[in-house]
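Letters A, B, ... are given to chains in the order of the sequence lines, protein chains preceding strands, and every chain is numbered from 1.
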Amino acid sequence: MALSHLASSSPSRSANLLKPLSSVISLRRPISTDTTPITVETSVPFTAHQCEAPSRTVQTNAKELATFFRDMVVMRRMEIAADSLYKAKLIRGFCHLYDGQEAVAVGMEAALTKKDCIITSYRDHCTFVARGGTLLEVFAELMGRQAGCSKGKGGSMHFYKKDSNFYGGHGIVGAQVPLGCGLAFAQKYCKDEAVTFALYGDGAANQGQLFEALNISALWDLPAILVCENNHYGMGTAEWRAAKSPAYYKRGDYAPGLKVDGMDALAVKQACAFAKEHALKNGPIILEMDTYRYHGHSMSDPGSTYRTRDEITGVRQERDPIERIRKLILSHDLSTDKELKDIEKEVRKEVDDAIAQAKENPVPEPSELFSDVYAKGLGVESFGADRKEKNSHGRHLDNTRDDPSGEVIIGLCFHNPLPA
Amino acid sequence: MATGFHGVGAAVAALSSSPSNSFDSKKLLCSPRRSFPVRKGASFVADRSDGSVNLDLNPKARRAQQLIVNAVANKADSSPASSSSKPGHELLLFEALREGLEEEMDRDPRVCVMGEDVGHYGGSYKVTRGLAEKFGDLRVLDTPIAENSFTGMGIGAAMTGLRPVVEGMNMGFLLLAFNQISNNCGMLHYTSGGQFTIPIVIRGPGGVGRQLGAEHSQRLESYFQSIPGIQMVACSTPYNAKGLMKAAIRSENPVILFEHVLLYNLKERIPDEDYICNLEEAEMVRPGEHVTILTYSRMRYHVMQAAKTLVNKGYDPEVIDIRSLKPFDLHTIGNSVKKTHRVLIVEECMRTGGIGASLTAAITENFHDYLDTPIMCLSSQDVPTPYAGTLEEWTVVQPAQIVTAVEQLCK
């Protein structure tokens with residue numbers, strides 16, 4: 001494509017000649033490191049409730065777009081692979097797939113740091129990967145193996161990654177939102193200058209505990225951002241049948257809200273950055289991500305009894321998040337179609353390798369049945385459930401002991417160790 | 001505005017003038033009627049912008065000061081001066097709970113209290129009185145009436161390392177938070193493969209009171225006992241109330257501390273020095289030879305009353321307050337069964353699926369060979385607690401029934 005710019009000498013192309021030579025000839029800088037700013041407009045403007053909507057114009061760059069593309073391709077590929085594994089009975093139980101919604105995970109991550117917390121529902125595979133989880137951890141956990149992120153004991157709905165502040169992974173609809181507000185409380189308590197994104201779906205939006213938690217967060221000025229991933233169906237029930245008011249971003253009433261096109265990763269990024277800034281100053285805010293899932297609610301739901309196939313293919317053609325980024329990359333000449341296809345091939349191989357590795361991984365040892373039910377330690381003699389045998393204990397995470405000298409070393413809340 | 005961590009009473013003045021990037025503590029003051037101009041208790045602050053931390057946690061100073069600091073203005077009877085004749089100090093059970101809580105909040109800045117009316121009101125049973133003034137609104141938090149969400153928030157905060165103490169105004173209200181307690185509190189350590197611990201304490205009064213009506217007289221130990229991952233303890237004296245409170249706060253596991261509405265005004269002399277009670281240990285109340293009586297919480301007193309009668313009749317009962325409802329201290333219980341060969345369980349929990357039922361099963365499974373006679377279990381009736389006084393009395397086990405039961409066991 002670059003050569004064609006050189007070859008044609010029409011006046012409208014003359015601007016290209018002013019570009020650095022390297023970007024015109026095929027010796028242009030590789031896409032993955034180019035950070036020259038590019039300005040893009042989001043697909044639709046934001047709709048705001050009780051606040052000023054952020055601008056439609058988003059700053060990005062080639063490196064970021066490449067990362068978005070690659071990450072979303074990984075997520076898409078991973079979810080499709082999980083579908084096949086489930087049908088092959090290697091994944092059992094519940095498996096809720098996120099394909100179609102990747103832009104939310106990827107855009108959010110771009111606006112945050114690892115100090116910010118994310119907590120979500122059971123549709124958590126891609127959010128886990130966005131927070132730094134590896135494909136091996138994903139597939140091993142899905143197949144119930146030792147190398148899984150929860151040692152095979154959590155399953156699809158219980159992915160966690162403590163070191164990147166990813167708090168899971170929750171099976172009960174809506175229960176993660178009070179937890180998320182608790183995370184925000186801890187951030188305020190410890191003066192972290194960080195925020196918590198508590199994600200839930202349009203189905204969970206009707207849970208009372210959400211409004212309870214929002215009320216407390218607003219009263220206590222917590223840096224909590226409630227994100228409704230509105231994929232328009234709560235399992236098999238369409239949003240208009242479940243919610244009297246499907247304008248989820250407005251349902252916070254006193255809390256400001258923003259409606260975002262959740263299929264546009266850049267819009268998501270802009271909204272999340274705006275929300276983070278807002279929450280740190282003014283307390284909770286609600287984001288509604290207008291998104292869509294291609295699969296059914298879970299693997300046991302074909303996804304076509306409550307919506308038409310035309311609807312699904314329509315969204316896939318017009319709003320697919322990966323296609324949007326691909327078009328952006330191609331229209332800004334940041335890469336070629338072939339390069340992008342090569343990335344997809346590479347990702348496919350990566351996913352297949354991870355699956356192969358996960359298949360080789362052993363199932364948990366029988367003793368794991370009883371481990372991690374309780375946390376042992378503290379210097380207090382701690383026995384098993386029948387107190388017939390003594391269990392050995394070690395010092396626990398935060399090194400608190402009960403000895404009378406009262407020495408306390410606090411590791412988790414503060415970043416500087418205290419003077420003894 | 002006052003800043004700096006109020007760790008030691010004497011050191012407050014020095015700390016209170018340091019500037020910091022603390023939050024606006026006035027904003028958190030919910031009630032405009034508050035007349036305190038500046039709360040000496042200050043919000044807790046870690047001033048990290050300049051790298052130093054405004055905390056006074058010098059252990060020796062704190063320990064030496066602790067005894068005096070504990071005497072908040074309205075606790076005159078617990079100051080050392082009045083008890084100079086005997087060691088220790090005398091106080092009521094709710095004060096013992098408060099003392100334990102306060103000492104732990106002094107010792108570890110991550111401990112915070114959440115509940116309805118725990119802050120400005122001082123707690124519906126006065127367990128948290130004075131703590132909001134001392135520690136500020138960020139550490140003693142008044143919540144709206146929303147058990148499900150504030151218990152969930154406590155659990156979320158615990159996942160990051162904070163150590164909240166969630167108070168249910170009555171244990172019965174915690175039924176509204178059952179999902180959070182069962183699914184999140186109990187299970188997250190396991191389902192995350194050990195990544196998160198939930199060092200939360202959930203406490204509150206339960207049990208049959210004085211004609212409070214069915215919904216406020218619930219015995220819910222049985223509901224929570226099957227939840228994997230939590231520990232349950234029941235306090236019965238000021239000594240073990242303070243000790244269990246402290247141990248529960250220091251534990252890395254979620255602990256549910258069952259208090260009893262009628263025991264809050266028990267008076268006892270407790271030691272001055274720092275002590276905790278092992279969460280998993282039962283308490284030997286009265287050693288004996290003829291029969292093992294296992295009990296907890298308020299029924300301990302009914303048992304001791306019955307024991308007086310029994311001793312007069314020539315029996316020698318061994319009374320054990322099991323304290324730990326989950327897990328059972330089968331070590332102590334087993335040793336006792338091996339000695340006496342007869343077991344009577346006296347509890348306030350419901351008959352069906354109660355603590356007594358589980359304990360009966362556990363003892364039978366483990367110590368069947370040592371039993372001379374089947375285990376007898378006296379529980380409260382499987383009825384909603386009636387309002388009428390006489391009916392309410394018959395709902396719970398009375399000392400006369402205990403005496404009859406022992407006589408029958410020892411025949």
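Ring-plane geometry between A:Tyr167 and B:Phe196 is classed as parallel, the angle between the planes falling under 30 degrees on a 0 to 90 degree scale with a further cut at 60.
Checking side-chain atoms of B:Asn253 against main-chain N and O of A:Ala375 turns up a donor-acceptor pair under 3.5 Å. The closest donor-acceptor contact from the side chain of A:Tyr160 to the backbone of B:Thr191 lies at 3.5 Å or more, if one exists at all. A donor-acceptor pair under 3.5 Å is formed between the side chain of A:Tyr374 and the backbone N or O of B:Ile230.
The nearest pair of heavy atoms linking A:Ala175 to B:Asn179 is CB-ND2, 3.5 Å. Closest approach of A:Lys188 to B:Leu138, counting heavy atoms only: O-CD2, 4.4 Å. Between B:Pro144 and A:Asn215, the shortest heavy-atom contact is CG-ND2, 3.6 Å. The shortest non-hydrogen separation linking B:Glu147 to A:Glu212 is N-OE1, 4.3 Å. Taking all atoms of both residues into account, the shortest heavy-atom contact from A:Lys162 to B:Gln195 is N-OE1, 2.8 Å. Between B:His189 and A:Asp372, the shortest heavy-atom contact is CD2-O, 2.9 Å.
Scanning residues 149-159 of chain A against chain B with a 4.5 Å non-hydrogen threshold yields A:Cys149, A:Ser150, A:Lys151, A:Lys153, A:Gly154, A:His158, sorted by number.
Counting heavy-atom neighbours within 6.0 Å of B:Tyr370 OH, excluding the residue itself, gives a total of 12 or less. Heavy atoms of other residues, nucleotides or ligands lying less than 6.0 angstrom from CZ of A:Phe94 number 12 at most.
Taken to the nearest 0.5 Å, the CE atom of B:Met114 stands 8.0 Å off from the CD1 atom of A:Ile216. Here CG of A:Asp192 is found 8.0 Å from OG1 of B:Thr160. Values are rounded to the nearest 0.5 Å. Separating the CD atom in B:Gln180 from the CD atom in A:Gln209 is a distance of 5.5 Å, to the nearest 0.5 Å. Separating the OG atom in B:Ser149 from the CG atom in A:Leu210 is a distance of 9.5 Å, to the nearest 0.5 Å. With rounding to the nearest 0.5 angstrom, the CD1 atom of A:Ile172 is 4.5 Å from the CG atom of B:Asn183. Taking CZ of A:Phe185 as the start and CZ of B:Phe150 as the end, the distance is 12.5 Å to the nearest 0.5 Å.
Taking chain A as the reference chain and counting heavy-atom pairs below 4.5 Å, the highest number among B:Ile155, B:Leu188, B:Thr143, B:Ile198 is found for B:Leu188.
Heavy atoms of B:Asn148 lying under 4.5 Å from chain A belong to its backbone as well as its side chain. Only the backbone of A:Ser371 has a heavy atom closer than 4.5 Å to any heavy atom of chain B. Heavy atoms of A:Gln176 lying under 4.5 Å from chain B are absent altogether. Only the side chain of A:Leu222 comes within contact range of chain B, judged by heavy atoms closer than 4.5 Å. Using a 4.5 Å cut-off between heavy atoms, A:Leu369 contacts chain B through both its backbone and its side chain.
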Worksheet item: Given the rule in the side-chain contact (heavy atoms from CB on, under 4.5 Å) test, do A:Cys190 and B:Leu162 qualify, once you have shown the distances and angles that lead to the verdict?
Response: CA-CA 9 Å; A:Cys190 295; B:Leu162 284 198; 4.0 Å; yes
Discussion item. Is there a side chain to side chain donor-acceptor pair (under 3.5 Å) between B:Arg110 and A:Tyr189? Walk through the geometry before answering.
Written reply: CA-CA 9 Å; B:Arg110 294 170 301 171; A:Tyr189 193 97; over 6 Å; no
Fill in: Stepwise side-chain contact (heavy atoms from CB on, under 4.5 Å) check, A:His170 with B:Asn184
CA-CA 8 Å; A:His170 294 274; B:Asn184 292 330; 3.6 Å; yes
